[in-house]
Amino acid sequence: MPEGHTLHRLAGQLSAAFSGQVVRASSPQGRFADAVHVDGTRLLDATSAGKHLFVEFEGDLFVHVHLGLIGKFDVHAGAAPPPVGQVRLRLTVPTAYADLRGATQCDLVSRDRRDTIVGALGPDPLRPGADPMRAWSRISRSHRPIGDLLMDQAVLAGVGNVYRAEILFRHRMHPLRPGRTLRVSQFRAMWEDLVELMGTGVQTGRIDTVHTEHTPEVMGRPPRVDDHGGEVYVYRRAGQACHVCGSRIRTEPLQGRNLFWCPGCQPRFRSRAVK
DNA sequence: CCTCTATGGCGAA
DNA sequence: TCGCCCTAGAGGC
């Protein structure tokens, strides 16, 4: 379930449940032996940057977590029951516990290492004061498709396959359009939209992108629940009718990930005739 | 039971 | 571009 909003939300949940407390840390599954180094120490804070999560403990130690495609980090209230399944890391206090499963990364790192990881990321729409022009300087000079650039964490941090598909739809932009053909006003509008959409995602824990005027009630469609739990225009809707124009949603892999777009609402870009 | 898929990202070829 | 890592759930037989 991990795009940037998931990690941001998780940082808030972990902070609320554990900040300032001495916590027990263990690896029931055994694949994070370094848990012993923070076990019984005070957890100071949890923060996120793009899709990275950092849990800070006293002594300048950070547990760096990247959920990858299938990872989960569930925070629960109450006393911890015996672990179920492959629990990589469990954090426990008397009033709460959190279980990490399936992460691609769970490492103990130094402050320097954390700063290096964060420094390699592009601006994060969820970070107050993030500078979108840092992303624009890359996009505006690139021949790569905008759909590719949006997923590049060094260009823009936190956007994954769902937000990519949906932001491009909302801005009527074909995913294969070269970055350098965008106007700055178009990029700015997309950035502002991401700030709002991802902010909502942090609050709700899901990705909803459908404008009020296109909701099932307004459009006279039956209500539906998408597999990923949010209301969307094109993500994973290949072959189905576009909620706006009725065209069949298309899909095609790009760099190993599936693009989704509406051929009616997101026409293929044609470069302006020169002269 | 098996196979497939998934909101990611890495490194080898 | 491909294979691979991580885990759980859904669907087919």
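Letters A, B, ... are given to chains in the order of the sequence lines, protein chains preceding strands, and every chain is numbered from 1.
Distance alone, capped at 3.5 Å, is enough to place a donor-acceptor pair between the A:R177 side chain and the A:T181 backbone.
Whole-Å rounding puts the A:F73 CZ to C:dT7 P distance at 14 Å. Rounded to a whole Å, the CG atom of A:L53 is 15 Å from the C1' atom of B:dG8. One atom, CD1 of A:I70, and another, C1' of C:dA10, lie 15 Å apart when rounded to the nearest Å. Taking atom CG of A:N258 as the reference point, atom C1' of B:dG9 lies 16 Å away to the nearest angstrom. Atom CG of A:N161 and atom C1' of B:dG9 are 13 Å apart (whole Å). When rounded to the nearest whole Å, the span between NZ of A:K72 and P of B:dG8 equals 13 Å. Per the geometry, CG belonging to A:L10 stands 14 Å off C1' belonging to B:dT7, to the nearest Å. Nucleotide C:dG3 holds its C1' atom 15 Å from the CZ atom of A:R257, rounded to whole Å.
A:K51 has a side-chain polar atom (N or O) that falls below the 4.0 Å cut-off from OP1 or OP2 of B:dG9. A:R101 has a side-chain polar atom (N or O) that falls below the 4.0 Å cut-off from OP1 or OP2 of C:dA8. For A:H5, no side-chain nitrogen or oxygen approaches OP1 or OP2 of B:dT7 to under 4.0 Å. Taking only side-chain nitrogens and oxygens, A:Y235 comes nearer than 4.0 Å to OP1 or OP2 of B:dT7.
Side chain of A:R88, nearest nucleotide from C:dT7, B:dT7, B:dG8: C:dT7. Comparing B:dT5, C:dA8, C:dC5 by their nearest atom to the side chain of A:Q86 picks out C:dA8. Counting only heavy atoms from C-beta on, A:Q255 has its side chain closest to C:dT1 among C:dT1, B:dG8, B:dT5.
To the nearest 0.5 Å, atoms CD1 (A:I139) and CD (A:Q186) are separated by 11.5 Å.
The aromatic rings of A:W136 and A:F187 sit parallel, their planes meeting at an angle under 30°, below the 60° perpendicular limit. Under the 30°/60° scheme for interplanar angles, the aromatic rings of A:Y163 and A:H5 are found to stand perpendicular.
Residues from residues 171-179 of chain A with heavy atoms under 4.0 angstrom of DNA chain B: there are none.
A salt bridge links A:D152 and A:R144; the closest N-O separation between the charged side-chain nitrogens and carboxylate oxygens is under 4.0 Å.
Among the atoms of the strands shown, only primed sugar atoms or phosphate atoms (P, OP1, OP2) are found under 4.0 Å from some heavy atom of A:R31. Base engagement by A:G102 is indicated by at least one non-hydrogen atom pair under 4.0 Å involving a base atom. A:Q105 comes within contact range of no nucleotide atom at all, as no heavy-atom separation falls under 4.0 Å. Among the atoms of the strands shown, only primed sugar atoms or phosphate atoms (P, OP1, OP2) are found under 4.0 Å from some heavy atom of A:Q29.
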Could you walk me through whether A:R88 and A:Q29 pass the side-chain hydrogen bond (donor to acceptor under 3.5 Å, both in side chains) test, one step at a time? CA-CA 5 Å; A:R88 182 86 56 87; A:Q29 169 208 53; 3.1 Å; yes
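For A:R188, the CZ atom sits in a loose shell: 12 or fewer heavy atoms of surrounding residues, nucleotides or ligands are nearer than 6.0 Å.
Nucleotides B:dC10 and C:dA8, compared at atom P, are 23 Å apart to the nearest Å. To the nearest whole angstrom, the two P atoms, one in B:dT5 and one in C:dG3, are 14 Å apart. Between C:dC5 and B:dA13, the two P atoms lie 14 Å apart (nearest whole Å).
Listed here is the closest heavy atom pair of A:F169 and A:V244: CZ-CG2, 3.9 Å.
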